[in-house]
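A short worksheet on the structure shown next.
Note that these values count all heavy atoms, side chains included, but never hydrogens, waters or copies made by symmetry.
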Number of protein chains: 2
Amino acid sequence: MATDDLMSRALSALDEVDGPMSVEVIHRLVDAGDATAPMTITEVADLLGMSPHTLRYYERVGLVTVDRDADGHRSYGTGAVRRLVFLTRMRLSGMAMRDLQHYVRLVDEGDDTVPERLDMLLEHRDTIRRQLKELTLSLAATEYKIATYGGHTGTRQTD
Amino acid sequence: MATDDLMSRALSALDEVDGPMSVEVIHRLVDAGDATAPMTITEVADLLGMSPHTLRYYERVGLVTVDRDADGHRSYGTGAVRRLVFLTRMRLSGMAMRDLQHYVRLVDEGDDTVPERLDMLLEHRDTIRRQLKELTLSLAATEYKIATYGGHTGTRQTD
DNA sequence: CTAGGAGTTCGAGCGCGCTCGAACGCAAGC
DNA sequence: GCTTGCGTTCGAGCGCGCTCGAACTCCTAG
């Protein structure tokens, strides 16, 4: 699942009821207590709009640690799911896998790394803001072109 | 140059004087007359923030046709540069190479394909809008996290 | 007892979009 | 004349982020 791909999936999800899932899930996981029952891999996959394959991949590259149940099946607790929601958000906004791996490593190293984590987040925030600017420009360009095509169809137009 | 990569480059370019290049270039090329002199490959590369390698690549996959001068060197006329500006904008907003190839093929087929081109642009406009929504969500999530880290540093924080 | 379905591990493979290096041509400057 | 520099073509290679298939285990329903 390439970044763009990830984006397209999330985008179709957004279409459903105009993006309530993401926000609700974040609130459920960030604000509310840890009362949710452990989830299976397919449940998490459905929740996040990704494949079980990808979830296993994330685990094996060290992005998340997942418990096993009696059968040896993965059992995603609130912590794991919460982290995956966060990771997905970061991936969606273009943070590289290697950066996420670094971030997660920092988390494991304890509270001393909070400043560095903060730095990463601040930098990423700026990246997102610049992406927003870029996208806004692209949107303008696209709408301009649409206008020249749709505004008066039949106009000589070379590209 | 992967999509994300392309984005990062454009983003650093944006930093310079807060994105005047893109807008100015678009206006110069879209609104003004075709008075500009042909450009060399490195000039175009610098203009668009991409490498000559990539420009040759775009040409060989059929995205653009470029004249040669007496020495056999590429000579980018206004039309070619204008198209490349457009293509770059589309790439930056995540349109796939294969879609751009399709679009360009339609252009070559003449005015009959205007409706289909319009469809592509409309669809892409929606994609950009959804990306904007997604990015805005990610920005919110990032800022939330920054607040929990930076707001009161030292707080217990598990990821 | 059997069949189905959901999970597991492992390693290999893939699609995208560049990116690069080798071998070469040509023109200008010392 | 020779180097420097900027260009050319061609094909191969690469990094990223998945994605998949094979071979296996286990539980449950009929």
d([atom1], [X]; [atom2], [N]) in whole Å:
{"X": "B/Tyr58", "N": "C/dG17", "atom1": "OH", "atom2": "C1'", "result": "8 Å"}
{"X": "A/Tyr57", "N": "C/dT8", "atom1": "OH", "atom2": "P", "result": "18 Å"}
{"X": "A/Met39", "N": "C/dG7", "atom1": "CE", "atom2": "C1'", "result": "16 Å"}
{"X": "A/Asp99", "N": "D/dG15", "atom1": "CG", "atom2": "P", "result": "16 Å"}
{"X": "A/Met95", "N": "D/dG17", "atom1": "CE", "atom2": "P", "result": "12 Å"}

The contact string for nucleotides 1-11 of chain D, one letter per nucleotide 5' to 3', using protein heavy atoms under 4.0 Å with B, S and - for base, sugar-phosphate only and none, comes out as ------SBB-B
Any side-chain donor-acceptor pair under 3.5 Å between A/His73 and A/Thr40?
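No, no side-chain donor-acceptor contact under 3.5 Å.
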For [X], side chain to side chain donor-acceptor pair (under 3.5 Å) partners two or more places apart:
{"X": "A/Ser138", "answer": "B/Arg89"}
{"X": "B/Arg56", "answer": "none"}
{"X": "A/Gln101", "answer": "none"}
{"X": "A/Arg74", "answer": "A/Glu59"}

Can you name the salt bridge (charged side-chain N to carboxylate O under 4.0 Å, His left out) partners of A/Arg60, sequence neighbours left out?
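Scan of A/Arg60 (salt bridge (charged side-chain N to carboxylate O under 4.0 Å, His left out), adjacent residues dropped) gives none.
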